[in-house]
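I have placed the structure first, in the form of structure tokens, so that the comments after it can refer back to it.
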There are 2 protein chains.
Amino acid sequence: MTLALVAQRAGVSVQTVSNALNSPDLLAPRTLARVNEALSELDYRPHQAARSLRTRSSRLIGYGVQPMPAGVSTPVHDDFLHALSDSADRAGYRILLFAASADGEADRYDELLREHSVDAFVLSNTNRGDKRPAWLLKRDVPFVAFGRSWSAREHGDWVDVDGAHGTAAAVGHLVAAGHRRIAFLGWPRGSGVGDDRARGWREAMREHALPTRDLRVSSVNDVDAAREAVAPVLARATAVVAASDTLALGCYRALRDRDLSPGRDVAVVGFDDSPAAALLAPALSSVRQPLREVGRACIGLLMDRISAPGGAAQHVLLPPELVVRESSVPLPPA
Amino acid sequence: MTLALVAQRAGVSVQTVSNALNSPDLLAPRTLARVNEALSELDYRPHQAARSLRTRSSRLIGYGVQPMPAGVSTPVHDDFLHALSDSADRAGYRILLFAASADGEADRYDELLREHSVDAFVLSNTNRGDKRPAWLLKRDVPFVAFGRSWSAREHGDWVDVDGAHGTAAAVGHLVAAGHRRIAFLGWPRGSGVGDDRARGWREAMREHALPTRDLRVSSVNDVDAAREAVAPVLARATAVVAASDTLALGCYRALRDRDLSPGRDVAVVGFDDSPAAALLAPALSSVRQPLREVGRACIGLLMDRISAPGGAAQHVLLPPELVVRESSVPLPPA
DNA sequence: GAACTTTTTTGGATCGATCAAAATTCACCC
DNA sequence: GGGTGAATTTTGATCGATCCAAAAAAGTTC
């Protein structure tokens with residue numbers, strides 16, 4: 001099934017069929033109709049390799065999957081991948097998956113570019129000191145990062161979830177439920193994401209004229225570490241906002257240690273809405289990242305970048321959504 | 001960076017360089033060395049589109065991501081995707097991700113084939129009555145399914161996890177710990193995966209000369225449904241093997257309802273080793289699917305199929321691994 | 001109806017690799 | 001030294017779509 005066959009069938013030249021596909025406004029209406037008929041009768045699809053060779057564009061977007069460090073549950077990004085593929089499809093692009101090394105080596109990226117296998121990249125898990133953005137920027141390769149580059153000076157396009165907005169929403173919700181002493185269980189200072197979530201809590205507390213003194217504790221992202229870290233603050237607080245569901249679970253454990261019940265005695269709100277959140281007893285309130293929208297926005301920015309390579313960097317900050325469950329509302333009398 | 005440039009630098013013809021890459025044994029050692037030098041000095045990579053156009057093979061494998069029905073936690077297949085990309089890479093292939101509709105419509109698959117965008121497919125989530133295998137088989141399109149086709153007659157290649165082996169291992173482990181009345185909490189009969197897991201339990205019980213009568217209960221894959229379904233059997237059993245972690249969690253709830261403690265009073269083993277399993281209190285023993293190996297095997301079968309399109313169908317059944325945690329061993333005295 | 005635009009169609013070249021077959025080089029022997 | 005056959009390298013054509021420039025057709029104007 002080639003253009004030539006379609007052309008023969010429609011009684012026109014190959015170029016005319018190509019025009020019918022790529023710039024239909026060049027054709028006389030009568031001709032266009034005839035070609036379109038042949039096109040759909042033969043159910044024609046252009047041969048991607050041929051098109052790609054000529055136009056020097058693969059219409060493929062690279063996405064590197066990193067090996068999951070055992071135990072760390074990546075915020076299920078199935079949803080994200082689906083949204084990414086779906087939006088890309090609509091824009092006439094597809095996603096090329098490749099195995100990226102955990103440390104963000106650029107080799108794989110370089111290889112794909114030299115092979116002309118991809119036109120652009122979507123990055124995720126961009127951590128502080130990630131060399132990929134600068135590397136791509138220098139080479140004028142279109143890319144978007146899911147996760148802003150916290151290392152300030154760089155300015156590539158990115159889409160991110162407004163963590164501060166999420167923790168602030170959690171505080172707002174708890175305040176409305178009557179809480180005043182709301183603690184924050186976060187990660188050690190220094191991680192962009194963690195500091196951002198902490199900020200949301202701090203600012204929201206200030207806005208409600210509530211004290212934050214002695215209400216912030218930190219722990220690495222591990223259930224037992226969090227359980228120990230949060231213990232001392234439980235005497236002073238009636239609610240805890242955690243920077244992740246794992247930390248929130250540590251908080252559950254610490255409460256149980258003191259024969260207190262999450263939700264009933266102390267309200268708890270997590271972050272990420274991992275699959276486990278809904279399954280816990282009591283079910284954990286958590287802040288859900290709008291992964292579908294993130295995927296959509298990534299493709300949107302990428303298309304802008306591809307069509308206007310020199311344009312100013314764009315940033316999209318999406319608000320997450322607080323999912324209220326049993327852990328932050330009084331349980332109904334059984 | 002084209003073959004022509006490399007050829008010029010090495011002082012040979014274009015074809016010679018191509019041969020150096022594709023059939024190096026055709027070249028005289030001296031020439032090969034010279035070409036290789038030029039090749040690596042210029043850091044040459046073949047233009048995929050050009051290669052693909054000529055060889056009529058994209059070296060891309062299609063994988064359709066389905067939209068995740070909300071709430072149902074897909075067995076985190078991040079790991080699977082990484083293994084898939086990694087193994088594909090090693091075989092000189094890459095993964096093309098596309099958004100597939102939930103109901104397994106073939107349109108998208110057809111489109112990709114007509115565009116020559118992919119050479120083969122990896123299917124996952126093949127449920128009973130899935131039309132994709134038959135469709136691909138009829139068209140002689142190479143594919144592998146993750147998950148055997150339970151609908152008997154079809155014979156495409158597949159890789160699957162031996163569910164029966166997993167539940168049998170759970171039974172063996174429980175028997176070794178002294179349990180004799182071991183119940184099975186499964187899904188309603190009729191699902192291939194569920195019946196397989198049930199069979200493993202039944203056969204292992206028989207092998208250990210243990211009774212199964214009145215020890216099997218079923219429920220849909222929902223925590224609260226499972227909680228109710230498992231209740232009656234708890235009086236008769238000292239251990240429960242569940243067909244999924246969700247069901248196992250329902251069992252936890254049912255035990256708590258009766259003031260019993262999972263692990264201490266009644267042992268519980270789940271299936272899938274979802275991220276939540278390790279986080280529960282007590283941590284849930286569960287059967288882990290070897291997703292890395294599954295991914296590797298999928299690519300292996302696919303390569304065989306591509307090189308020998310007419311060969312007999314191959315099947316790979318991988319044993320899962322029982323991960324023992326607190327829920328199935330006596331807790332150490334605190 | 002000639003001269004000049006504007007619109008539509010055509011032929012030929014091109015992207016960069018591989019295939020098939022021809023041309024060259026090499027080794028060996030009489 | 002030339003002939004034979006094998007090993008090695010080169011030439012020319014091709015995959016299928018798009019770009020370019022120019023030809024053909026249609027439409028305007030005087």
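Here is the naming used below: chain letters follow the sequence lines, and residue numbers restart at 1 for every chain. Computation of the quantities below employed the complete heavy-atom set of this structure, encompassing side-chain atoms and omitting hydrogens, waters and symmetry-equivalent molecules.
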### Summary
Nearest-nucleotide check on DNA chain D, Pro29(B) vs Leu3(A); residue mapping nearer the 5' end is Pro29(B)

### Message
What I want to find out is whether Asp86(A) reaches Arg296(A) closely enough, with some N-O distance under 4.0 Å, to be called a salt bridge.
### Response
no

### Task
State plainly whether the residues Asp89(A) and Arg94(A) are in salt-bridge range, i.e. N to O under 4.0 Å.
yes

### Task
Specify the separation, in whole Å, of atom CZ of Arg51(A) and atom P of dA17(C).
21 Å

### Task
Please check the phosphate of dG16(C) (OP1 and OP2 only) for any side-chain N or O of Tyr44(B) closer than 4.0 Å.
no

### Closest listed nucleotide, where the reference is the side chain of Ser18(B) and the choices are dT8(D), dT18(C), dA17(C)
dT18(C)

### Task
Compare all side-chain heavy atoms of Ser13(B) with those of Thr16(B) and state whether any distance is below 4.5 angstrom.
yes

### Query
Within the structure, does a side-chain N or O atom of Arg56(A) lie under 4.0 Å from either OP1 or OP2 of dC15(C)?
no

### Message
Please classify the nucleic acid contact of Thr16(B) as base, sugar-phosphate, or nothing, using heavy-atom distances under 4.0 Å.
### Response
base

#### Entry: Interatomic distance, Gln15(A) CD vs dC19(D) C1' [rounded to whole Å]
7 Å

### Message
Given the structure, check if the side chain of Arg54(B) and the base of dT14(D) hold any donor-acceptor pair shorter than 3.5 Å.
### Response
yes

### Message
Taking any heavy-atom pair under 4.0 Å as a contact, classify Thr31(A): base, sugar-phosphate, or nothing.
### Response
sugar-phosphate

### Query
With a 4.0 Å cut-off on heavy atoms, is Ser13(B) in touch with a base, just the backbone sugar-phosphate, or nothing at all?
base

### Task
Measure the distance from CG on Asp25(A) to P on dT9(C) and round it to the nearest whole Å.
13 Å

### Task
Mind calculating the distance between CD (Gln8(B)) and C1' (dG16(C)) to the nearest angstrom?
15 Å

### Query
Given atom CD of Glu115(B) and atom P of dC15(D), what is their separation to the nearest angstrom?
20 Å

### Query
Less than 6.0 Å separating the ring centroids of Phe98(B) and Tyr63(B)?
no

### Summary
The nucleotide from dT9(D), dT18(D), dT10(C) with an atom nearest the side chain of Leu27(B) is dT9(D)

#### Entry: Integer-rounded Å distance: dT18(C) C1' and Leu21(B) CG
11 Å

### Task
For Asn19(B) and dA20(C), give me the distance from atom CG to atom P, rounded to whole Å.
12 Å

### Task
Whole angstrom is fine here: how far is it from NE2 in His116(B) over to C1' in dG16(D)?
10 Å

#### Entry: Side-chain donor-acceptor pair present, Gln314(A), Asp157(A), cut-off under 3.5 Å
no

